[in-house]
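Please read the structure below before turning to the comments.
First listed ligand is number 1; within each ligand, the first listed atom is number 1. Source: prediction; values computed, not measured.
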Amino acid sequence: MKVTMVMVSSIDGVVSRHSEESVKAWTSEEDQRHLAVLVNHCDAVITGRKSFTKKIAPVPYYVFSRQQKSSPKDNQNQVFYTQEKPSQLLVRLEKAIDNVLLLGGPEINSLFLKENLVDELILTLEPKLFGAGKHLVQEEIEQDLELVEVQQLNSQGTLLVKYKIKKTVE
Ligand SMILES: NC(=O)c1ccc[n+]([C@@H]2O[C@H](COP(=O)([O-])OP(=O)(O)OC[C@H]3O[C@@H](n4cnc5c(N)ncnc54)[C@H](OP(=O)(O)O)[C@@H]3O)[C@@H](O)[C@H]2O)c1
C-alpha cells in the first residue's frame with residue numbers, strides 16, 4: 001500500500017489562513033483540477049474531520065474524528081469516521097486498498113508522519129505569501145525528503161512538487 005500526502009501551500013508554507021476558509025478561495029484552477037484527477041484515481045481518501053466537507057470522488061473516505069460517528073447515510077455514501085490508530089487503519093485497509101491519499105489537515109498529517117506512515121508528498125506551491133496561518137504539519141517534526149519531480153502548472157508560477165519521504169529507522 002502506498003500513502004501519498006497531497007496538500008497545497010503558499011510559498012511561505014501556509015496551508016490554511018483561517019479554519020473557516022476553504023482552500024478554493026486561494027488555490028489555482030490548475031491545482032483544483034490536479035487534485036480532482038488524483039482523488040478520482042485513488043482507492044481511498046484519509047482526512048481529518050475539520051478538513052472534510054464533501055467527497056469529490058466516488059471512493060471511500062476515512063475521516064478521523066474522536067467524536068463523530070458514521071450515520072447509516074454516511075456508511076451508504078462510504079464516509080467512515082474513525083478513531084483508530086493510523087497504523088491500525090492502514091493494516092485493516094491493506095488487503096483491499098493499494099493507493100491511499102492523505103488529504104490533511106495539519107493535525108492528521110502530523111499523526112501519520114509521526115508514525116512513519118507516509119510514502120510520498122505531492123505539494124502544490126501557489127505563488128503567494130500569507131505570513132500567518134496553519135502549516136503543513138502542526139507539531140515540531142523533522143523529516144527528510146527526496147525530490148522526485150517538479151512541474152509548473154500555469155503561467156502565474158504554480159508549482160507541483162513531488163517528494164519521496166525518507167522513512168526513519170526506529
Ligand atoms: N491546503 C491544503 O491542502 C489543506 C488540506 C486540508 C485541510 N486544509 C485546511 O486545514 C484546516 C484543518 O486542519 P486541522 O489540522 O485544523 O484539522 P484536521 O486535521 O482536518 O482535523 C482535526 C480533527 O481530526 C480529529 N482527530 C485528531 N486527532 C485524532 C485522533 N488521534 N483520533 C481520531 N480523531 C482525531 C479531531 O476531530 P474531532 O474534533 O471531530 O474529534 C480533530 O478535531 C482547514 O482550515 C482546512 O481548510 C488545507
Side-chain angles (χ1 to χ4, degrees), residues 3-40 42 44-57 59-71 73-75 77 79-93 100-118 120-141 143 145 151 153-154 156-163 165:
V3 179
T4 304
M5 183 188 292
V6 182
M7 294 289 287
V8 54
S9 159
S10 65
I11 296 297
D12 55 345
V14 173
V15 302
S16 166
R17 290 187 290 187
H18 320 286
S19 47
E20 314 78 45
E21 184 184 53
S22 158
V23 291
K24 281 191 176 175
W26 55 270
T27 54
S28 58
E29 276 176 27
E30 291 79 6
D31 172 64
Q32 289 165 32
R33 274 203 295 274
H34 136 83
L35 178 65
V37 170
L38 283 181
V39 178
N40 273 291
C42 76
V45 164
I46 295 176
T47 187
R49 198 265 307 159
K50 291 184 182 166
S51 299
F52 177 64
T53 45
K54 64 175 172 47
K55 287 174 66 163
I56 60 167
V59 296
Y61 273 53
Y62 295 86
V63 183
F64 275 80
S65 173
R66 293 190 187 87
Q67 291 146 35
Q68 194 136 347
K69 305 276 177 278
S70 304
S71 67
K73 195 173 169 211
D74 292 328
N75 284 325
N77 291 336
V79 175
F80 306 110
Y81 288 92
T82 180
Q83 295 186 308
E84 286 163 280
K85 267 184 66 141
S87 55
Q88 283 171 346
L89 173 66
L90 295 184
V91 167
R92 185 164 68 80
L93 299 182
V100 177
L101 296 188
L102 176 63
L103 299 189
E107 207 176 322
I108 296 308
N109 289 344
S110 306
L111 277 186
F112 277 74
L113 282 170
K114 274 192 309 191
E115 286 197 38
N116 227 356
L117 298 171
V118 186
E120 191 176 72
L121 167 64
I122 299 181
L123 180 65
T124 306
L125 289 168
E126 293 290 0
K128 290 177 179 295
L129 298 175
F130 288 144
K134 290 190 182 206
H135 291 82
L136 197 79
V137 183
Q138 88 160 16
E139 344 179 356
E140 200 173 313
I141 202 165
Q143 180 73 61
L145 310 175
Q151 205 185 325
L153 293 188
N154 57 28
Q156 287 79 49
T158 300
L159 299 179
L160 189 62
V161 291
K162 192 188 279 190
Y163 287 97
I165 305 225

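The nearest protein atom to atom 16 (O) of ligand 1, hydrogens excluded, is given as K134 NZ, 2.6 Å; this is a heavy-atom distance. What sits closest to atom 41 (O) of ligand 1 on the protein, heavy atoms only, is R66 N, 2.7 Å. The closest protein non-hydrogen atom to atom 18 (P) of ligand 1 is G105 N, 3.7 Å. What sits closest to atom 13 (O) of ligand 1 on the protein, heavy atoms only, is P106 CD, 3.2 Å. Nearest protein neighbour of atom 43 (O) of ligand 1, counting heavy atoms only, is K50 CE, 3.3 Å. Among all non-hydrogen protein atoms, the one lying nearest atom 9 (C) of ligand 1 is S16 CB, 3.7 Å.
One option in L136, L103, T124 has a heavy atom closer to atom 5 (C) of ligand 1 than any other, and that option is L103.
Remark: the E84 side chain and the T82 side chain contain an N/O donor-acceptor pair separated by less than 3.5 Å. When only modelled atom types and interatomic distance are considered, T158 and E30 share no side-chain donor-acceptor pair under 3.5 Å.
Each of F52, F80, Y81 was compared with Y61 under the ring pair (Phe, Tyr, Trp, His ring centres under 6.0 Å) criterion, and only F52 meets it.
For ligand 1 and V23, the ligand atoms under 4.0 Å from any heavy atom of the residue are 1 (N), 2 (C), 4 (C), 48 (C). Atoms of ligand 1 lying under 4.0 Å from any heavy atom of S19, numbered from 1 in the order shown and given with element: 45 (O). Applying the 4.0 Å criterion to heavy atoms of H18 picks out, from ligand 1, the atoms 45 (O). Heavy-atom contacts of G48 reach the following atoms of ligand 1: 18 (P), 20 (O), 21 (O) (cutoff under 4.0 Å).
Ligand 1 is never approached by R17 to a heavy-atom distance shorter than 4.0 Å.
Looking at E84 next to ligand 1, no N or O pair under 3.5 Å apart turns up.
For T47, there are no side chain to side chain donor-acceptor pair (under 3.5 Å) partners at least two apart in sequence or on another chain.
Sequence neighbours left out, the pairs with a member in residues 6-18 that pass side chain to side chain donor-acceptor pair (under 3.5 Å) are S10-D12, R17-E21.
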